[in-house]
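The structure appears below as structure tokens.
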Amino acid sequence: MTDVQETVQERSFPKPVFTDAEAGAKEFPDSTARRYNYYEPAKRKQSHYEDVTVEVQPDPRHYLSQGWLYGFADGKGGYPLEWTALKAWGSDRPLPERGPGSGGKGYDWPAHGWHEFRDPNEEWELTLYRYNANVVRQMTQNIQVARQAKAFEQWNPNWIRFVEQHVGAWMHPEHGLGLYLFANANRRAPTNMHNNAISVNSMHKIRFAQDLALYNLTLSEEIDGFDGAAHVETWNSDPTWQGVRRTAEALTGIDDWCEAIFAANVIFEPLVGELFRSNLVQQAAAGNGDFVTPTVVGAGEYDYAQRDLRYTRAMFQLLTSDREFAEHNKSIMAQWLSNWVPQCLDAARTLQPLWSLPDSKPPRFEDGLDRAKNRFQGILSDLDLQVPEELAQ
Amino acid sequence: MSRQSVAAAHKKIQELSWEPMYHEPVKHYGTDYTFQKAQKRDPLKQVLRSYFPMQEEKDHRVYGASDGAIRGNMFRQVQERWMEWQKLFLSIIPLPEISAARAMPLLFRTVPNPELHNGQAIQMIDEVRHSTIQQNLKRLYMNNYIDPAGFNNSLRNFQSDYCGTIGRQFAEGFITGDAITAASIYLTIVAETAFTNTLFVAMPAEAAANGDYLLPTVFHSVQSDESRHISNGYATLLMALSDESNHQLLERDLRYAWWNNHRVVDAAIGTFIEYGTKDRRKDRESYAEMWRRWIYDDYYRSYLVPLEKYGLVIPHDLIEEAWNQIWNKGYVHEVAQFFATGWLANYWRIDAMTDKDFEWFEHKYPGWYNKYGKWWENYNRLATPNGHNPIVFEDVDYVYPHRCWTCMVPCLVREDMVMAEVDGQWRTYCHEMCKWTDETAFRPTYMGRETPNMGKLIGKREWETLYHEWNWADVVSDMGFVRDDGKTMVAQPHLNLDPKKMWTLDHMRRCPPLLSPNVLLNQMSAEDRDAFHADYIKQGPAGRSSGSPKP
């Protein structure tokens with residue numbers, strides 16, 4: 001044997017250097033100035049949510065000295081305030097004039113009231129992924145245990161038809177509104193706080209739509225004769241659903257982003273969404289041997305009732321109590337109520353035949369509608385808005 | 001549900017979409033492209049049931065690393081030279097990210113393919129993730145790095161500084177104008193597919209070499225989402241290509257988007273990687289080498305060129321010209337030198353280059369020292385206040401450049417500067433391509449064809465205009481780049497934190513006033529303007545005056 005001489009080439013890698021560049025190593029001007037100083041917090045201390053959200057979307061009314069750089073064909077750039085008819089204090093002030101020798105300053109921060117909105121859910125990436133990951137994990141476990149327990153075998157045929165057609169049909173307005181109303185609106189609002197909250201709302205709806213679709217797929221696999229495509233036919237041509245469909249489509253056609261959020265979350269959801277979900281599906285399921293569907297639908301119900309309505313309420317409360325435009329805003333919202341309440345009530349009433357379909361009947365439709373109306377009136381009261389006369393129709 | 005395959009689940013969620021029967025969704029955005037309804041597949045095949053837990057798991061890793069960095073005193077070994085440039089980068093990047101989220105609805109009504117909308121909605125929320133996770137990283141730096149100035153007023157700085165304005169194109173270009181030009185070609189086909197490689201892969205590698213492993217942790221996590229977004233863009237591009245009438249617009253938009261991304265991203269990231277690092281191992285890749293690998297080979301040759309067979313006209317000439325700018329014309333070096341020249345208008349500290357840096361630059365870019373070495377020696381000599389003014393006012397044979405009206409980076413490769421009277425104003429451009437973008441591309445007609453949806457270049461595009469004839473102390477105060485003693489500047493042309501070595505407003509007060517090159521240009525007679533141009537294009541490299549001997 002001969003010895004093999006191996007030449008080992010020295011690997012090249014960066015060498016660590018101790019620099020003592022950590023906080024507190026020296027004292028000098030600003031050495032302890034460790035908070036974002038370009039905005040005022042809503043409460044005494046700046047929250048983590050505010051730090052990652054406020055001012056990311058700039059505004060020529062305060063700091064954006066050179067203005068927007070790219071515009072649409074009409075010359076408008078950024079996020080024009082006139083994309084909604086509602087106004088927050090300061091909205092009517094002219095844009096700061098900047099030109100040769102003007103300097104860069106605009107109005108003092110925040111310059112107008114839109115910047116005062118904070119999402120009470122304090123949603124940012126960490127919270128939104130935690131929340132939604134928990135929801136889908138829990139739901140998957142619920143359905144898995146139901147499969148193992150053969151829970152679907154307890155369903156009577158009428159209830160199977162009800163779930164495949166009507167619970168299934170609800171995935172469509174969730175998906176359509178999630179994409180074409182909420183995701184669409186995330187380009188429209190004048191602050192990052194609004195647009196982030198709206199985009200999270202959008203994902204709740206799209207996720208819930210997918211939850212229903214995938215639940216439907218599971219049922220197709222688990223229940224003999226379960227027609228996984230029936231929900232499409234129901235949504236497309238069942239007369240009971242055409243009121244909901246017409247209204248949902250009309251909602252996606254709204255030009256004004258505030259009106260879109262208002263009509264969807266303040267009017268449509270309590271009068272139609274919760275009516276169907278809470279006052280029909282959730283009430284009827286147990287009596288028909290189904291303990292699984294309420295856990296799926298309940299997740300969507302929680303999205304709306306505990307989170308999406310919460311930010312919506314905070315957003316519109318600011319506008320109805322605005323120090324400059326409260327009355328202006330309330331009168332516009334009153335018009336929106338007059339327009340959308342009849343459409344939503346019509347959609348609700350068109351759903352009425354569903355209440356008589358299950359073998360074990362839920363509480364009466366009229367009782368459910370009364371509860372939905374009470375809920376709706378409570379929301380209006382929170383917003384300091386008058387109940388429209390159209391509600392009594 | 002858990003046993004369902006991804007393919008089956010993805011197929012099922014296609015049942016969610018529906019064609020309107022009673023009312024059409026609102027159409028807020030227009031395009032001059034035309035699309036036939038086509039059953040293009042959603043390339044992401046992402047279902048939210050698996051998406052949310054996946055992202056949560058990625059978050060666990062990021063935040064675990066963040067905690068570890070603090071507990072392990074990472075900031076004892078980060079290089080200040082590097083961290084200071086993060087004050088610029090992290091003030092810019094959250095806006096492009098969130099703008100990408102805002103851009104997605106531009107495609108809903110213009111690209112008639114509901115299956116793709118699913119992927120676009122997921123991209124929307126990905127971008128919310130990126131923006132807020134990056135703001136959070138900056139917050140961590142502010143709390144734990146030795147000098148929080150510049151991080152603590154980050155988003156105000158970004159909005160009032162000319163560097164922020166340059167960077168903002170990489171955001172506003174996504175959300176305005178023709179919906180396809182903006183949200184598809186500029187954003188996904190060029191910015192994300194080509195330039196996120198240098199932004200989110202090459203740059204974090206350099207951060208790690210400078211003792212910062214948090215930037216790679218966050219940005220590699222971000223980049224793992226980008227690969228999905230690239231698929232979104234590709235699917236839309238294939239749809240656009242299937243209609244021949246789009247080819248002319250695709251050619252226009254690829255040329256504009258490629259050139260603008262090159263001008264903006266190569267300027268910033270090139271500077272960070274070349275001038276922000278202390279890692280001067282000769283075998284580490286230079287920015288030019290990274291560019292060749294990530295952009296020329298991976299993007300141009302592997303992604304763009306194969307699309308030629310589908311009818312896409314590739315801007316081969318501009319890709320070669322971008323390389324020419326980086327390799328032969330010193331684009332990145334000129335930009336870094338300009339940032340350092342104008343340090344007093346910034347909100348971070350810029351370290352001088354030393355002999356070790358010179359040696360590395362000479363090794364990577366032969367001839368570098370003859371062009372730039374002397375100037376950096378002067379920069380070092382003039383770094384701390386000692387009776388002289390900042391370098392921009394001292395005689396170091398550097399002519400302050402005019403700004404490019406389109407990309408807003410100054411016209412630093414002097415021989416390429418062109419001028420034009422556009423919309424009643426004389427404008428300077430850093431290159432013929434930027435002139436074309438303003439004069440030809442961003443117009444309501446293009447080569448005789450109506451393009452009513454094309455966007456417009458707007459705004460006060462020359463920063464100096466706002467401060468024409470202002471005293472520099474007032475300029476810096478107006479922008480808010482002052483520390484909490486009310487006089488020491490945030491920006492410094494060195495890393496010494498001894499207050500006696502730091503520049504203050506008092507030093508600025510005695511400087512000559514700021515004069516806007518564009519205002520002055522528009523005051524010139526026609527003859528003076530011609531003479532000015534003839535002189536300008538003889539200047540350089542490294543900002544030398546026209547009469548100076550060339551290296």
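Chain identifiers are assigned alphabetically (A, B, ...) following the order of the sequence lines, protein sequences preceding nucleic acid strands; residue numbering begins at 1 within each chain.
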Query raised in the report: Picking from B:G177, B:S516, B:G480, which has the most non-hydrogen pairs under 4.5 angstrom with chain A?
Result: B:G177

Query - Segment of A:W109 engaging chain B (4.5 angstrom heavy-atom cut-off) - result: neither

Query - Worked verdict on B:K58 versus A:E125 for salt bridge (charged side-chain N to carboxylate O under 4.0 Å, His left out) - result: CA-CA 11 Å; B:K58 282 157 66 175; A:E125 70 104 20; over 6 Å; no

Query raised in the report: Can you name the one residue among A:H231, A:H175, A:H172 that meets side-chain hydrogen bond (donor to acceptor under 3.5 Å, both in side chains) with B:E15?
Result: A:H231

Query - Pairwise side-chain contact, B:F108 with A:L179, heavy-atom cut-off 4.5 Å (strictly under) - result: yes

Query raised in the report: Within the distance-only criterion (no hydrogens, no angle test), does the side chain of B:R483 pair as donor or acceptor with the backbone N or O of A:P29 below 3.5 angstrom?
Result: yes

Query raised in the report: About how many Å separate OG of A:S202 and CD1 of B:I125, when rounded to the nearest 0.5 Å?
Result: 7.0 Å

Report summary line: So, the part of B:I133 with a heavy atom under 4.5 Å from chain A: the answer is both

Query raised in the report: Can you say whether the rings of A:Y129 and B:F52 are parallel (under 30°), tilted (30 to 60°) or perpendicular (over 60°)?
Result: tilted

**Report entry** Which of A:V17, A:V200, A:N195 touches chain B most, by non-hydrogen pairs under 4.5 Å
**Finding:** A:N195

Query raised in the report: With distance as the sole test, does A:S12 use its side chain to make a donor-acceptor pair with the main-chain N or O of B:D283 at under 3.5 Å?
Result: no

**Report entry** Pairing of B:R139 and A:D51 as salt bridge, 4.0 angstrom limit
**Finding:** yes

Query raised in the report: Would you say A:Q210's side chain and B:L48's backbone share a donor-acceptor pair under 3.5 angstrom?
Result: yes

Requested in this report: Please flag which part of A:Y79 lies under 4.5 Å from any non-hydrogen atom of chain B: side chain, backbone, both or neither.
Outcome: side chain

**Report entry** Best-contacting candidate, B:H23, B:R102, B:H130, against chain A by heavy atom pairs under 4.5 angstrom
**Finding:** B:R102

Report summary line: Looking only at A:Q57, A:R98, A:K15, most heavy-atom pairs under 4.5 Å shared with chain B are made by A:R98

Requested in this report: Side chain from CB out, backbone as N, CA, C, O: work out which of these in B:E469 comes under 4.5 Å of a heavy atom of chain A, or both, or neither.
Outcome: neither

Report task. List the steps, then state whether side-chain contact (heavy atoms from CB on, under 4.5 Å) holds for A:V56 with B:L155. Result -> CA-CA 7 Å; A:V56 170; B:L155 291 180; 3.9 Å; yes

Requested in this report: Using a 4.5 Å cut-off on heavy atoms from C-beta on, say whether the side chain of B:I13 contacts that of A:L214.
Outcome: yes

Query - Residue A:H48 versus chain B: region with a heavy atom under 4.5 Å - result: both

Query raised in the report: Tell me, side chain or backbone of B:P452 under 4.5 Å from chain A's heavy atoms, or both, or neither?
Result: backbone

Query raised in the report: When rounded to the nearest 0.5 angstrom, what distance separates OG in A:S199 from CE in B:M124?
Result: 5.0 Å

Query raised in the report: Given the options A:M203, A:M171, A:K26, A:E27, which has more heavy-atom pairs under 4.5 Å with chain B than any of the others?
Result: A:M203

**Report entry** When B:Y51, B:F442, B:F151 are compared by non-hydrogen pairs under 4.5 Å with chain A, the top option
**Finding:** B:Y51

Query raised in the report: Can you find a side-chain donor-acceptor pair between B:Y22 and A:Q242 that sits under 3.5 Å?
Result: yes

Report task. Under 4.5 Å, counting heavy-atom pairs only, tell me which of A:L181, A:N216, A:L212 racks up the most with chain B. Result -> A:N216

Query - Toward chain A, the part of B:L514 with a non-hydrogen atom under 4.5 Å - result: neither

Report task. Kindly determine whether B:T488 and A:F28 satisfy side-chain contact (heavy atoms from CB on, under 4.5 Å), including the steps that lead there. Result -> CA-CA 9 Å; B:T488 306; A:F28 53 88; over 6 Å; no

Query raised in the report: So, does A:R34 use its side chain to make a donor-acceptor pair with the main chain of B:M142 at under 3.5 Å?
Result: yes

Report task. Quick one: pull up CD in B:Q79 and OG1 in A:T19 and give me the separation to the nearest 0.5 Å. Result -> 6.0 Å

Query - Where A:G77 and B:T176 come nearest, the two heavy atoms and their spacing - result: CA-CG2, 4.3 Å

Requested in this report: Check each atom of B:R129 against the heavy atoms of chain A and say whether the ones under 4.5 Å are side chain, backbone, both or neither.
Outcome: both

Query raised in the report: Non-hydrogen atoms of chain B under 4.5 Å away: do they reach the side chain of A:V135, the backbone, both or neither?
Result: neither

Query raised in the report: Just how far is it from atom CG of A:D30 to atom CG of B:D147, taken to the nearest 0.5 Å?
Result: 7.0 Å

Query raised in the report: Which answer fits A:D59, side chain, backbone, both or neither, if we ask what part of it has an atom under 4.5 Å from a heavy atom of chain B?
Result: backbone

**Report entry** Contact summary for A:G67 and B:R168, nearest pair of heavy atoms
**Finding:** O-NH1, 2.9 Å

Query raised in the report: Tell me, side chain or backbone of A:Q141 under 4.5 Å from chain B's heavy atoms, or both, or neither?
Result: neither

Report summary line: Honestly, the part of B:W470 sitting under 4.5 Å from a heavy atom of chain A is side chain

Query raised in the report: Taking atom types as modelled, is there a side-chain donor on A:Y70 or B:Q169 under 3.5 Å from an acceptor on the other?
Result: yes

Query - Euclidean distance, A:T32 OG1 relative to B:D484 CG, rounded to 0.5 Å - result: 6.0 Å

Report summary line: When the 4.5 angstrom heavy-atom criterion is applied to B:K138 and chain A, the contacting part is both

Query raised in the report: Quick one: what part of B:E57 sits under 4.5 Å from any heavy atom of chain A, side chain, backbone, both or neither?
Result: neither

Query - Contacting moiety of A:R130, where chain B heavy atoms sit under 4.5 Å - result: both

Requested in this report: Heavy-atom distances under 4.5 Å only: say whether B:Y63 touches chain A with side chain, backbone, both or neither.
Outcome: side chain

Query raised in the report: Is there a side-chain contact between A:T53 and B:Q135 (heavy atoms, below 4.5 Å)?
Result: no

Query - Side chain proximity check, B:H28 to A:R188, heavy atoms < 4.5 angstrom - result: yes

Report task. Indicate yes or no for a side-chain donor-acceptor contact from A:W68 to the backbone of B:G459 under 3.5 Å, with no hydrogens or angles considered. Result -> no

Query raised in the report: With only heavy atoms counted, which part of A:I254 is less than 4.5 Å from chain B, the side chain, the backbone, both or neither?
Result: backbone

Report summary line: When the 4.5 angstrom heavy-atom criterion is applied to B:M408 and chain A, the contacting part is side chain

Query - Region of B:T165 that comes under 4.5 Å of a non-hydrogen atom in chain A - result: both

Query raised in the report: Do you know which of A:A73, A:S65, A:G168, A:G101 has the most heavy-atom pairs with chain B at a distance under 4.5 angstrom?
Result: A:G101

Query raised in the report: Rounded to the nearest 0.5 Å, how far apart are CG of A:N186 and CD of B:E127?
Result: 10.5 Å

Query raised in the report: Picking from A:V232, A:D255, A:D20, which has the most non-hydrogen pairs under 4.5 angstrom with chain B?
Result: A:D255

Requested in this report: Against chain A, label B:A101 side chain, backbone, both or neither, depending on which of its atoms sit under 4.5 Å from a heavy atom there.
Outcome: both

Query raised in the report: So, does A:Q66 use its side chain to make a donor-acceptor pair with the main chain of B:S160 at under 3.5 Å?
Result: no

Report task. Could you look at B:M479 and say if it's the side chain, the backbone, both or neither that has a heavy atom under 4.5 Å from chain A? Result -> neither

Query raised in the report: Do A:N132 and B:R49 have side-chain N/O donor and acceptor atoms under 3.5 Å apart?
Result: no

Query raised in the report: Checking B:D478 against chain A: side chain, backbone, both or neither under 4.5 Å from a heavy atom?
Result: both

